[in-house]
Number of protein chains: 2
Amino acid sequence: MSTPEEPELTRTERKERTRRAILDAALELSEQGSLSALSLRHVAREVGIAPNAFYRHFASADELGLALVDELFGTLRQLLSDVRSARPISDGAIVPSLGVLVDRVHTERLQFVFLTRERVGGSAAVRTAIRRELELFEAEIALDFARMPGAVQWSSEDLRVSANLIVTALVAAVERLLYTQDRDGEQAIVAATEKQLRMLTIGARTWRSRPR
Amino acid sequence: MSTPEEPELTRTERKERTRRAILDAALELSEQGSLSALSLRHVAREVGIAPNAFYRHFASADELGLALVDELFGTLRQLLSDVRSARPISDGAIVPSLGVLVDRVHTERLQFVFLTRERVGGSAAVRTAIRRELELFEAEIALDFARMPGAVQWSSEDLRVSANLIVTALVAAVERLLYTQDRDGEQAIVAATEKQLRMLTIGARTWRSRPR
DNA sequence: ATGGTTGGTGGACAGGTGTCCACCGTTTCA
DNA sequence: TGAAACGGTGGACACCTGTCCACCAACCAT
């Protein structure tokens, strides 16, 4: 290239840079097809390297997918942990978490397209990794629930089951958001999801007090 | 073939038969890959016809996918409608519906693998078709809810939102069932899902009575 | 200064892919 | 009875795929 573009870069820096480029390209291309249907050559072409060079960074497409999963959940977990620790523990921090999630879906749409697709997609390794991460979220939410007043007498089983339902609702909300371009539709989805979360917490509150 | 195999078949019958074979083969093969990553030649080989002959039945892979969706939801809707009309309307028929669903997942596993994969999968046409069918279920469940005693004063919006959550929970349950081979795990999933459905209906019952 | 390490290149390979064409034998129906 | 319609065949086409090899030039540590 004729552009100067800071030629002073150490080798490892340059490697990291094309690694980034590969991840980004893969994300971009995975919008129109699952990871397993993703072509190494396509990715390489998008990045601007020879198809071979891909193997200098990832041993397989699966490994690429796992790296994407790590990256995605790494930052997302950080964000949600922040909003959760800022909030007073007494009340559930679930609704504000939804706000963070929606923002994130907006700014990093492709990551979530990838996520929702690969969650049930072709590669078993990637699928399992995503499932594991979601289970971690589930556990965290269950912990939040346990901290709520009046919920102490629940069995851990019940905590887990209701937390699972919340995660499920959130994932479904993300899916709907992704395929809704119009602004009002997005607002409606967010409102509906908030309502669902409230329904869930109410149901949870009255759960144990029920005879049986 | 040397087997006699009832050679007395009208042309349209034979066409229908290989059409069936194509649908079955596609379902079989779609276990290990999304529809968009499905090879026409693979399907043809499995069926035992020349790759070309595929086009005598479907104009494209998308059309195949749409046919599968139609078939899947056709019978499923029938089954659920049966269990629902047999039950007294007074109580929600949601939990027995879950039983039917689980049975169906057992006997027609491949259909549900296809369903959960293509629901967020590559082809926009198939994805939309599935989404539409699920919305129909949603509407039916909302209707069931409206018939329940003490729920009459809900807004149709609320009905819809909570019905949506139920469908979401059911879809998630199916997904978990598909990737759980061990028998106890299956039982646990069913139990957890039933608990979730009960939580939901409880939450729904106390929903309107709440101030705000 | 030198030599190994490393990110990247180019070409080749064996195979797989969707789709088009001309053709065939049987069924259908007029 | 004859001709048209139809489901299916076989081969060819242009193209794309992952992966392997030898090779290169620059970087890094010695």
Side-chain angles (χ1 to χ4, degrees), chain A residues 1-26 28-30 32-67 121-123 125-126, chain B residues 1-26 28-30 32-67 121-123 125-126:
Chain A
M1 299 300 166
S2 56
T3 50
E5 59 164 304
E6 307 288 331
E8 302 303 333
L9 284 174
T10 170
R11 179 129 83 185
T12 45
E13 283 172 332
R14 307 222 295 185
K15 174 161 187 178
E16 179 55 29
R17 180 205 263 187
T18 78
R19 189 189 139 97
R20 270 249 57 82
I22 290 179
L23 288 172
D24 292 347
E28 198 85 34
L29 291 175
S30 86
Q32 61 231 71
S34 70
L35 181 72
S36 45
L38 182 55
S39 156
L40 283 199
R41 288 179 121 99
H42 256 155
V43 175
R45 207 171 306 151
E46 183 98 352
V47 175
I49 58 176
N52 267 334
F54 176 88
Y55 294 109
R56 305 289 186 195
H57 303 268
F58 303 97
S60 65
D62 264 25
E63 209 168 277
L64 207 191
L66 292 178
S123 159
V126 175
Chain B
M1 302 297 168
S2 57
T3 50
E5 59 164 303
E6 306 290 330
E8 302 304 332
L9 283 174
T10 170
R11 180 127 87 185
T12 44
E13 282 172 331
R14 308 223 293 184
K15 174 161 187 177
E16 179 56 28
R17 178 205 265 187
T18 79
R19 188 189 140 100
R20 270 249 56 81
I22 290 178
L23 288 172
D24 292 347
E28 199 85 34
L29 291 175
S30 86
Q32 62 230 83
S34 69
L35 181 73
S36 46
L38 182 56
S39 156
L40 283 198
R41 287 178 120 98
H42 257 154
V43 176
R45 206 170 307 150
E46 183 97 353
V47 175
I49 57 174
N52 267 334
F54 177 88
Y55 293 110
R56 305 289 186 196
H57 303 268
F58 303 98
S60 64
D62 264 26
E63 209 168 276
L64 207 192
L66 292 178
S123 159
V126 175

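Convention: sequence-line order gives letters A, B, ...; per-chain numbering from 1.
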Are OP1 or OP2 of C:dG8 and a side-chain N or O of A:H57 less than 4.0 angstrom apart? yes

A:S39 has its side chain closest, among D:dG18, C:dG8, D:dC27, to D:dG18

- prompt: Looking only at side-chain N and O atoms, does B:T10 come under 4.0 Å of OP1 or OP2 in C:dT27?
  reply: no

| message | Measuring to OP1 and OP2 of C:dG8, would you say a side-chain N or O of A:R17 lies under 4.0 angstrom away? | response | no

note: B:K15, atom NZ; C:dT28, atom C1'; distance rounded to Å ~ 14 Å

**OP:** Answer whether the closest heavy-atom distance between the side chains of A:S34 and B:S34 falls below 4.5 Å.
**Re:** yes

Note to self: Any non-hydrogen side-chain atom of A:L40 less than 4.5 Å from a side-chain atom of A:Y55?
What the structure shows: yes

field: Main-chain N/O of A:E13 paired with A:T10 side-chain donor or acceptor, under 3.5 Å
entry: no

Out of C:dT17, D:dT19, C:dG8, minimum distance to the side chain of A:P51 belongs to D:dT19

Whole-Å distance, B:Y55 OH to C:dC21 C1', equals 14 Å

Tell me what B:R19 touches on the nucleic acid: a base, only sugar-phosphate, or nothing, going by heavy atoms under 4.0 Å. nothing

Looking only at C:dT17, D:dG7, C:dT9, the nucleotide nearest the B:R56 side chain is D:dG7

Whole-Å distance, B:R11 CZ to D:dG8 C1', equals 11 Å

**Report entry** Any B:R41 side-chain N or O less than 4.0 Å from OP1/OP2 of C:dG15
**Finding:** no

Between CD1 of B:I49 and P of C:dG18 the distance, given in whole Å, is 13 Å

